[in-house]
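For the single chain, residues carry numbers from 1 onward in sequence order. Computed over heavy atoms, backbone and side chain alike; hydrogens, waters and symmetry mates excluded.
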Amino acid sequence: MALHAKSENFHWKTIAYDPNVEYIAWLNTLQRGSAFGMKLRIQLGLNIQEVRRSQGISQEGLAHLADIDRGYIGKIENAKHAATVDMIEAIAKALCIEPMELLKPRS
């Protein structure tokens, strides 16, 4: 699906110019209910957080079980970092679920 300047999901963004930064002239503001849905990185983080909390596991506990730094778990849950496939597998194994469960769309 291509976005056009007349589309309701296309918004121009005004920015100050800095010669050391590459800019994108528009900001895609697709909403959660759009055809694209929620970003996968956000879905993953929220799904990890939901499963972890439902099992009564802290971020530190999950980090220990998955052999991952606790801060990194927090950054994945908050969509600040993108997890690798290996990382998703390690987290899923620590939570005793299939990796695909962490990637499922949220309802």
Side-chain angles (χ1 to χ4, degrees):
M1 176 179 159
L3 292 178
H4 300 284
K6 293 183 180 179
S7 168
E8 66 182 55
N9 295 324
F10 181 91
H11 298 279
W12 290 99
K13 183 177 180 182
T14 304
I15 52 176
Y17 179 73
D18 181 338
N20 299 319
V21 178
E22 181 179 337
Y23 292 103
I24 299 174
W26 54 274
L27 176 63
N28 182 355
T29 58
L30 292 173
Q31 300 300 314
R32 185 172 179 217
S34 73
F36 294 113
M38 187 182 293
K39 279 189 170 185
L40 189 57
R41 183 187 296 191
I42 296 170
Q43 279 180 211
L44 174 66
L46 291 173
N47 288 340
I48 290 170
Q49 188 177 69
E50 183 178 294
V51 173
R52 176 182 62 74
R53 287 181 176 173
S54 72
Q55 294 182 11
I57 301 172
S58 66
Q59 282 185 347
E60 188 171 346
L62 177 57
H64 177 74
L65 292 170
D67 196 27
I68 300 169
D69 183 75
R70 193 222 53 89
Y72 196 67
I73 292 286
K75 289 176 182 174
I76 292 171
E77 284 187 2
N78 292 308
K80 301 293 183 196
H81 284 288
T84 64
V85 172
D86 293 336
M87 191 73 62
I88 294 169
E89 286 180 336
I91 292 169
K93 183 177 179 184
L95 294 171
C96 300
I97 61 173
E98 291 296 318
M100 288 305 294
E101 291 297 313
L102 296 176
L103 300 173
K104 283 188 176 178
R106 297 175 58 79
S107 48

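The line from CD of Gln59 to CZ of Arg53 is 8.0 Å long, rounded to the nearest 0.5 Å. Taking CD1 of Ile73 as the start and CD of Glu60 as the end, the distance is 11.5 Å to the nearest 0.5 Å. The distance from atom NZ of Lys104 to atom CD of Gln43, rounded to the nearest 0.5 Å, is 12.0 Å. In this structure, the separation between OG on Ser58 and NE2 on His64 is 10.5 Å, given to the nearest 0.5 Å. Note: Arg70 CZ to Lys75 NZ = 9.0 Å, rounded to the nearest 0.5 Å.
With hydrophobic clusters built from ILVMFWY side chains whose heavy atoms lie under 4.5 angstrom apart, Ile42 does not share a cluster with Ile88. Linking Ile, Leu, Val, Met, Phe, Trp and Tyr residues whenever their side-chain heavy atoms come within less than 4.5 Å places Leu40 and Leu44 in a single cluster. In terms of hydrophobic clustering, with Ile, Leu, Val, Met, Phe, Trp and Tyr side chains grouped at heavy-atom distances under 4.5 Å, Leu46 and Tyr72 are assigned to different clusters. At a threshold of 4.5 Å between side-chain heavy atoms, the hydrophobic network of Ile, Leu, Val, Met, Phe, Trp and Tyr places Ile97 and Leu65 in one connected group.
The shortest distance between side-chain heavy atoms of Val51 and Ile91 does not fall below 4.5 Å. Using a 4.5 Å cut-off on side-chain heavy atoms (C-beta onward), Ile76 and Met87 make contact. Inter-residue side-chain proximity for Asn47 and Leu103 is flagged as unmet; no heavy-atom pair is nearer than 4.5 Å. Contact annotation: the side chain of Leu62 approaches that of Ile48 to within less than 4.5 Å [non-hydrogen atoms, C-beta and beyond].
Put simply, the side chain of Asp69 gets close to the backbone of Gly71: a donor and an acceptor are under 3.5 Å apart.
Enclosure of atom CD in Gln55 by more than 12 non-hydrogen atoms of other residues, nucleotides or ligands within 6.0 angstrom is indicated.
Annotation for Ala66 and Ala90: closest pair CB-O, 3.8 Å, computed over non-hydrogen atoms. Among all heavy-atom pairs drawn from Ala92 and Glu98, the shortest one is CB-C, 4.0 Å.
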